[in-house]
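Because the structure is a prediction, the values reported are computed rather than measured. A, B, ... follow the sequence lines: proteins, then strands. Residue 1 opens every chain.
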Protein chains: 2
Amino acid sequence: MSVPDSRFDQLISALKEHNFRLTPQRVELVRLIAVSEGHPSASQLHAKIKRKFPTMSHATVYKTLSLLKEINQVLEIDLRDDSHYDGNRPDPHPHLICVNCNKIIDGELLIDQQSIQRMEQESGYKILRPQISFYGLCPDCKEEN
Amino acid sequence: MSVPDSRFDQLISALKEHNFRLTPQRVELVRLIAVSEGHPSASQLHAKIKRKFPTMSHATVYKTLSLLKEINQVLEIDLRDDSHYDGNRPDPHPHLICVNCNKIIDGELLIDQQSIQRMEQESGYKILRPQISFYGLCPDCKEEN
DNA sequence: AATATAATCAATAATGATTATCAATAAAGA
DNA sequence: TCTTTATTGATAATCATTATTGATTATATT
Ligand SMILES: [Mn+2]
Ligand SMILES: [Mn+2]
Ligand SMILES: [Zn+2]
Ligand SMILES: [Zn+2]
């Protein structure tokens, strides 16, 4: 009977398995991304990390994130201005994005696998990664109008 | 019995209706975007326009595109590095995007309106604009591997 | 423990798309 | 033709991301 790993432990394990060094900076970023409810951006993560590591640069945040992306432990969400990251659900899934305050939450949407296959056949494309973004207004910003 | 307007005529009419001035630069951009099979970016359009208007600046391209967006005659497709535009189908629709050569084509995918509504209700978000992008490999780039 | 090697860090500059500014120009209506 | 004012285009600014590079640190080996 084993206790299920926390997301933090999973991320740390993944780094170890790939023989990446566990630097204090990386551990802290992993902690933050595992704890984060929302979908933080690189600069938001950088701002938080600076509390513990005042000298940490943007480049290190970006490099660590792209490293976690490579080993499929983080999902990158491309927005117009920057990218946000989901360290809790690394597999592609839909998002609801507020165009006013940028609040991002997961969206549950069943994607018909049949239709995807048909699209692949008709187009000849090999689909690797769907990105489904629903831009709109979050509950709070809906009211303000 | 009237002949159906060409896409070019539709776009010109839309500009007139909104009392935007018909400058030669705008007419040329409209012509290009109505003729373009693919989904050109701002800088690709700028490069083509420079043949006729060597002094045309990036800013003018961007301003004209955002103007056409405002009157819902152009769909903007946000990619990681830049935006591409569809002047022929201004309403949101899925796209297949090659991660290797950036070739973009329309994707036909039936989106279950029921599921969208359920997502709105469960999340409280008001969805304004869905953007569905399937990243993958186009037929040509599929072979190269 | 000391050394060699490679990984990582952080400061800095570079890149590239997009936007802002503003004086000069030209479209459209009188 | 004249007037009004939207539009243009040159330029600079902004901002996220990436590249560079020398310094620092971890790891393996002796
Ligand atoms: Mn998510
Ligand atoms: Mn399209
Ligand atoms: Zn909001
Ligand atoms: Zn391709």
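For dT8(D), the OP1/OP2 oxygens have a side-chain nitrogen or oxygen of T23(B) closer than 4.0 Å. When the side-chain nitrogen and oxygen atoms of Q25(A) are compared with OP1 and OP2 of dT8(C), none of them lie within a distance under 4.0 Å.
The distance between atom NE2 of H58(B) and atom P of dA10(D), rounded to the nearest whole Å, is 11 Å. Taking atom CZ of residue F53(A) and atom P of nucleotide dA11(C), one finds them 14 Å apart after rounding to whole Å. One atom, OH of Y62(A), and another, P of dT20(D), lie 18 Å apart when rounded to the nearest Å. Between the CG atom of L22(A) and the P atom of dT8(C) there is a distance of 10 Å, rounded to whole Å. Between K69(A) atom NZ and dT18(D) atom C1' the separation is 12 Å, expressed in whole Å. Per the geometry, CG belonging to D82(B) stands 12 Å off P belonging to dT19(C), to the nearest Å. We find that CD of E28(B) is positioned 16 Å from C1' of dT8(D), with the value rounded to whole Å. Atoms CG (L65(B)) and P (dT19(C)) sit 10 Å apart, rounded to a whole Å.
Within 4.0 Å (heavy atoms only), T60(B) reaches at least one base atom of the nucleic acid. Across all strands, S43(B) comes closer than 4.0 Å to no nucleic acid atom at all (heavy-atom distances). Looking at heavy-atom distances under 4.0 Å, P24(B) makes contact with sugar-phosphate atoms alone, never a base.
Taking the centre and axis of the six-membered ring of Y135(A), the NZ or CZ atom of R129(B) falls inside the cone set by 45° and 6.0 Å.
For K48(A), the NZ atom is loosely surrounded, since the number of other residues' heavy atoms within 6.0 Å does not exceed 12.
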Begin with the C-alpha distance, continue with both residues' side-chain angles, and end with the deciding distance and a verdict on side-chain hydrogen bond (donor to acceptor under 3.5 Å, both in side chains) for Q10(B) and R7(B).
CA-CA 5 Å; Q10(B) 286 173 16; R7(B) 183 65 191 140; 2.7 Å; yes

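Ring geometry for H95(A) versus H93(A): interplanar angle of 30 to 60°, hence tilted.
For dA6(D), the base has a donor-acceptor partner in the side chain of R21(B) [N/O atoms by modelled type, under 3.5 angstrom].
Nearest-nucleotide mapping onto DNA chain D: of R80(B) and T55(B), the residue sitting toward the 5' end is T55(B). Ranked by how close their nearest DNA chain D nucleotide is to the 5' end, N19(B) and P54(B) are led by N19(B).
The backbone N or O of G124(A) lies less than 3.5 Å from a partner atom in the side chain of K142(B), making a donor-acceptor pair.
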